[in-house]
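Structure record follows, encoded as structure tokens.
Each ligand, and each atom within it, is numbered from 1 in the order the structure gives. Residue numbers start at 1 and run along the sequence shown.
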Amino acid sequence: MDIKSVGEFGFIDEVSKRFRSLVPTNLMGIGDDCAIIPANEDEEYVVTADLLVEGVHFLRDTITPEQLGYKSLAVNLSDIAAMGAKPIGAFMSIAIPKDVSPQLLDGFTKGFLELSQKYETPLLGGDTTKSLRDLMINITVIGKCKRGEAKLRSGAQDGDCICSTGFLGDSAAGLNLLLNNHKPQQDTNYFIERHNKPEPRINEGLWLAKHESITSMMDISDGVGSDLSHIAKASNLEAVVNIDRIPISEQLLNAYDTYNWNIHKLSISGGEDYELLFTINQEQLSEVLTAYQQQFGKPFYMLGVMRNGEGGSVVWQNDQSETFNFDGFNHY
Ligand code: ADP
Ligand code: MG
């Protein structure tokens, strides 16, 4: 397996294939935001792991230690939210190079603890080792949900609406500012905070999961372009997105000209927004949206529809039905 030619998803597909026959039929393994393992007659566990590597996912001097601790747990909780599950505990494996300061480790723990407390996710174990150069953090989170109620990527139906719980592109704008050495200041703070301290949509995921009309769900970590193609592939449908309906924050609308940002690139392939992407039966959309707004004091946004067609493909159109091409984020 040559990672340069098969890429991240090619590698995952290959290992998944090699281990598939070992996976018992009552378990769900590789392929969704979490694996699913039966707990008892009524409940099941969901499990996810995510790795943050210095120089790849963060730079020590563009994120505060508190934000790094918060984000390390947040990106995992986001995958628990994507299943519509409730987190019950976390494990932390960390490789620490010698030059990491005590302040970094204290701040890191403080940020992690803040989010642990918020969603009642205690740290239950892990592993600690030295690293020769880069700080590396792997977090595993276990969650729980009612049996059969976890939302998968594979449940979308022809005609379903595609929705996002929030704005897309703000995190990528924050990363762009950080990489161009912009220090946080009043008008850029918002983007940097969205990038360095994302909020996992646990409560939204739990609420959405209670609705049968929600047919599939995942979190937006790589960018809606790449992530939506996973729902489309798993559901064997084509996704049609109206780029004029991709939810863009007022802050991004106000700032993109100043910084010369390509707003479509940021919102479609920027990634790390950690909003929930879900499909919903068209007939129930307006009723569920009204109830959601009452519950959370904010809307979710409809940006497209699923249809029969080329399974796994995403078609980008604008209000005038003109078609465009965009690519998702790929590590390689
Ligand atoms: P997410 O962005 O939701 O964390 P990924 O795109 O990272 O999901 O991973 C997709 C699927 O592949 C998940 O089910 C994940 O558990 C699995 N996966 C990723 N890397 C590996 C690996 N090295 N070994 C086994 N499974 C993996
Ligand atoms: Mg995910």
Side-chain angles (χ1 to χ4, degrees), residues 1-3 6-23 27-37 44-53 56-58 71-85 87 90-93 136-143 145 150-156 162-166 168 171-172 198-202 204-206 208-209 214 216-235 268-279 312 314 327-332:
M1 276 187 276
D2 175 11
I3 196 70
V6 297
E8 178 186 349
F9 295 119
F11 173 78
I12 295 172
D13 277 350
E14 188 53 41
V15 287
S16 170
K17 243 188 265 160
R18 293 187 192 185
F19 285 82
R20 193 164 296 152
S21 64
L22 277 177
V23 183
L27 249 84
M28 196 189 75
I30 299 173
D32 218 293
D33 295 276
C34 292
I36 305 180
I37 303 168
E44 44 203 10
Y45 293 118
V46 297
V47 187
T48 180
D50 255 302
L51 178 64
L52 294 187
V53 176
V56 179
H57 300 98
F58 68 92
K71 185 168 180 173
S72 302
L73 180 58
V75 299
N76 283 274
L77 288 183
S78 180
D79 279 323
I80 299 287
M83 308 304 284
F91 292 78
M92 167 169 62
S93 296
M136 289 179 248
I137 306 148
N138 170 254
I139 310 293
T140 299
V141 177
I142 301 177
C145 63
K151 296 292 181 190
L152 310 183
R153 299 175 178 186
S154 55
I162 303 162
C163 302
S164 162
T165 52
L168 305 180
S171 173
E199 192 58 31
R201 304 302 185 197
I202 289 288
E204 291 84 344
L206 282 166
L208 289 166
I214 311 289
S216 72
M217 189 150 71
M218 71 180 295
D219 69 327
I220 305 180
S221 53
D222 292 343
V224 67
S226 166
D227 292 328
L228 191 51
S229 74
H230 294 306
I231 287 187
K233 190 172 173 201
S235 302
I268 290 170
S269 55
E272 297 213 73
D273 285 301
Y274 297 105
E275 295 295 346
L276 297 177
L277 181 68
F278 60 94
T279 54
V314 184
D327 275 332
F329 181 79
N330 187 325
H331 278 296
Y332 299 94

In Thr279, Asp33, Leu208, Ile214, the residue satisfying side-chain contact (heavy atoms from CB on, under 4.5 Å) with Lys151 is Ile214

Counting only protein N/O/S atoms, those under 2.8 Å from the Mg ion (ligand 2) total 3

Counting C-beta onward and ignoring hydrogens, is there a side-chain heavy-atom pair between Pro200 and Ile80 closer than 4.5 Å?
no

When Thr140, Val141, Val47, Asn138 are each screened for side-chain contact (heavy atoms from CB on, under 4.5 Å) with Phe91, the one that passes is Thr140

Say whether, by atom type as modelled, one donor and one acceptor occur between the side chain of Ser171 and the main chain of Glu272 under 3.5 angstrom. yes

Short N or O separations between ligand 1 and the protein, below 3.5 Å:
{"from": "ligand 1", "atom 1": "2 (O)", "to": "Ser221", "atom 2": "OG", "distance (Å)": "3.2"}
{"from": "ligand 1", "atom 1": "3 (O)", "to": "Asp33", "atom 2": "OD1", "distance (Å)": "3.1"}
{"from": "ligand 1", "atom 1": "3 (O)", "to": "Asp79", "atom 2": "OD1", "distance (Å)": "2.9"}
{"from": "ligand 1", "atom 1": "3 (O)", "to": "Arg153", "atom 2": "NH2", "distance (Å)": "3.3"}
{"from": "ligand 1", "atom 1": "4 (O)", "to": "Asp79", "atom 2": "OD2", "distance (Å)": "3.1"}
{"from": "ligand 1", "atom 1": "14 (O)", "to": "Gly31", "atom 2": "N", "distance (Å)": "2.9"}
{"from": "ligand 1", "atom 1": "14 (O)", "to": "Asp32", "atom 2": "N", "distance (Å)": "3.4"}
{"from": "ligand 1", "atom 1": "14 (O)", "to": "Asp32", "atom 2": "O", "distance (Å)": "2.7"}

message = Tell me if a side-chain donor or acceptor on Asp32 pairs with a main-chain N or O of Arg153 at a distance below 3.5 Å.
response = yes

Tested for side-chain contact (heavy atoms from CB on, under 4.5 Å) against Ser72, the lone hit among Leu51, Asp50, Ile137 is Ile137

The single option from Arg201, Glu275, Glu204 that satisfies side chain to side chain donor-acceptor pair (under 3.5 Å) with Thr165 is Glu275

Can you find a pair of side-chain heavy atoms, one from Leu152 and one from Met83, that are under 4.5 Å apart? yes

Item to complete: For the pair Asp79 (side chain) and Asp219 (backbone), establish whether a donor and an acceptor sit closer than 3.5 Å, ignoring hydrogens and angles.
Response: no

